[in-house]
Amino acid sequence: MLEAGEVEQRVRNVVKRVAKLANADFSADADLFRELGVESVAALELLVSLEEEFSIEIPDAAFNDARTVRALVTVVEGLT
Amino acid sequence: MKFVLPLARAIDPDLAADVEKQAVYVSIDLIALRVSPDRSSVEIEGQGDENELRAKVETFLRSMVSRSRPLERKIVHSRKRNNPALHRAVYQEMKKRGWAIELGRGQVGLTGPALLAAQAIDRRCAQLAQAQFGAVEAAYPALIPATVLGRCGYFHSFPHAVSFVSHLVEDFDRIEEFRRANAAGNLVVPMGVLPTPEACLTPAVCYHAYQSLEGEKLRAGRVLTSVGKCFRYESKNMTGLDRLWDFTMREIIFIGNETWVNAQRQAAIDAVRAQMEEWDLEGTIETANDPFFPAAYASKTYWQVRGDLKFELRLTIEPKPDGEMRSLAVGSFNLHENFFGNTFDITADDGAPAFTGCVGWGLERWVLAAFTQHGFDAADWPSRLRSEIFS
């Protein structure tokens with residue numbers, strides 16, 4: 001079991017890299033695609049990066065519904 | 001030589017078909033690549049250095065397969081015919097009758113009823129564009145500046161399909177060198193006589209449309225339509241009317257806000273369902289993806305399919321020799337999100353970068369599918385089309 005806060009920080013780092021952001025201190029409720037600038041064509045990169053980061057397999061449906069860091073953290077925590 | 005490479009996992013049929021199709025770009029030493037019936041390995045037939053070929057195939061498979069995910073594909077419309085019989089060797093029969101004239105690799109001329117059928121569907125599409133969508137007809141060059149194609153992302157997504165246009169460098173000595181080298185009539189291109197290409201042959205009609213609106217702020221959605229020659233190099237896959245290097249496409253292009261563009265695409269899908277009825281054609285309208293270059297394939301395909309960005313009209317054509325059913329994409333219904341709005345600084349009426357969509361009909365493919373389903377006897381064609389096509 002990962003420590004509280006660790007999952008969120010690692011998710012933030014993945015989003016920061018995929019969205020090419022300068023830092024990872026954005027709102028956990030910001031829309032990944034419309035507000036944080038994750039290009040929709042980079043969705044697979046985000047998904048695969050999260051899977052590799054946490055050594056998990058994320059179902060497409062769960063990923064499709066998760067549009068914020070907070071939602072991604074919930075998905076990841078449910079699989080680790 | 002022949003060898004087998006296992007895949008990391010069994011792949012789905014759509015990916016298997018794309019792997020076989022895209023394999024023509026792996027190496028000129030690759031003669032054939034077939035996915036095994038259980039889709040868990042590939043069988044390779046090649047020549048030359050086996051280790052080198054094996055490494056190229058492994059890299060190709062890593063790109064195409066390892067990051068690809070099974071994606072849900074939707075069939076949004078399906079139509080059967082009362083008479084399901086299909087004619088065989090249709091392209092060969094067209095050539096025999098002189099209706100299709102093979103002039104080069106992927107270069108086919110049409111005449112007679114084959115040409116009349118192409119003109120008939122194009123006429124209907126143009127009428128649809130103007131009557132239902134209020135489209136403005138435009139004519140665009142076959143050439144497109146290479147810089148524009150690059151901005152459209154074509155070199156990133158489809159580098160394998162680009163057709164460059166070049167000319168001799170403006171240098172008397174070089175031109176004279178070329179002239180002497182080609183005195184016998186066979187093309188010889190001495191080193192250094194060609195500059196970096198400034199233009200390409202356009203692979204689609206719609207790129208010009210977006211470029212033509214560069215910098216505009218639209219007060220309402222804009223609809224354009226055009227028919228033109230398009231060019232996509234498809235290597236060994238170019239074997240007949242179903243896959244040409246030089247083909248003809250009619251497009252309707254929508255530029256506006258997101259909601260409006262989405263609605264126009266849906267209206268176009270409904271209109272094409274009516275065309276299938278009028279032409280009495282069997283086929284489906286279903287989820288699709290573009291033939292992206294392997295290195296970009298997984299992410300772009302995921303993007304397209306996940307977002308329902310592309311549907312194709314697929315018409316039934318003659319089965320494979322082993323009896324497996326086949327269909328051919330003769331039209332597509334595409335959304336590009338706001339990519340072209342951002343690229344060409346086009347603003348929609350909601351103040352945001354414009355969203356775009358396009359609908360395209362491949363005229364030669366439509367002709368092939370229609371003759372496959374109705375044959376060469378005018379009496380077997382829908383009555384309202386007979387006089388137009390067999391006059």
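Being a predicted model, the structure only gives us computed values, none of them experimental. FYI, side chains are in, hydrogens and waters are out, and symmetry mates aren't considered; it's all heavy atoms of this structure. Just so it is clear: chains get the letters A, B, ... in the order the sequence lines come, proteins before strands, and each one is counted from 1.
Between A/D60 and B/Y302, the closest side-chain pair of non-hydrogen atoms falls below 4.5 Å. For the pair A/F63 and B/R69, the minimum side-chain heavy-atom distance is 4.5 Å or more.
At a 4.5 Å heavy-atom cutoff, the contact between A/V41 and chain B is made by backbone and side-chain atoms alike. Contact annotation for A/E57: neither backbone nor side-chain heavy atoms come within less than 4.5 Å of a heavy atom of chain B.
Of the inter-residue distances, the one linking B/R67 atom CZ with A/L44 atom CG reads 5.5 Å to the nearest 0.5 angstrom. A/E39 CD to B/F339 CZ: the interatomic distance, rounded to the nearest 0.5 Å, is 9.0 Å.
A salt bridge links B/E258 to A/R34: one of the charged nitrogens lies within less than 4.0 Å of a carboxylate oxygen.
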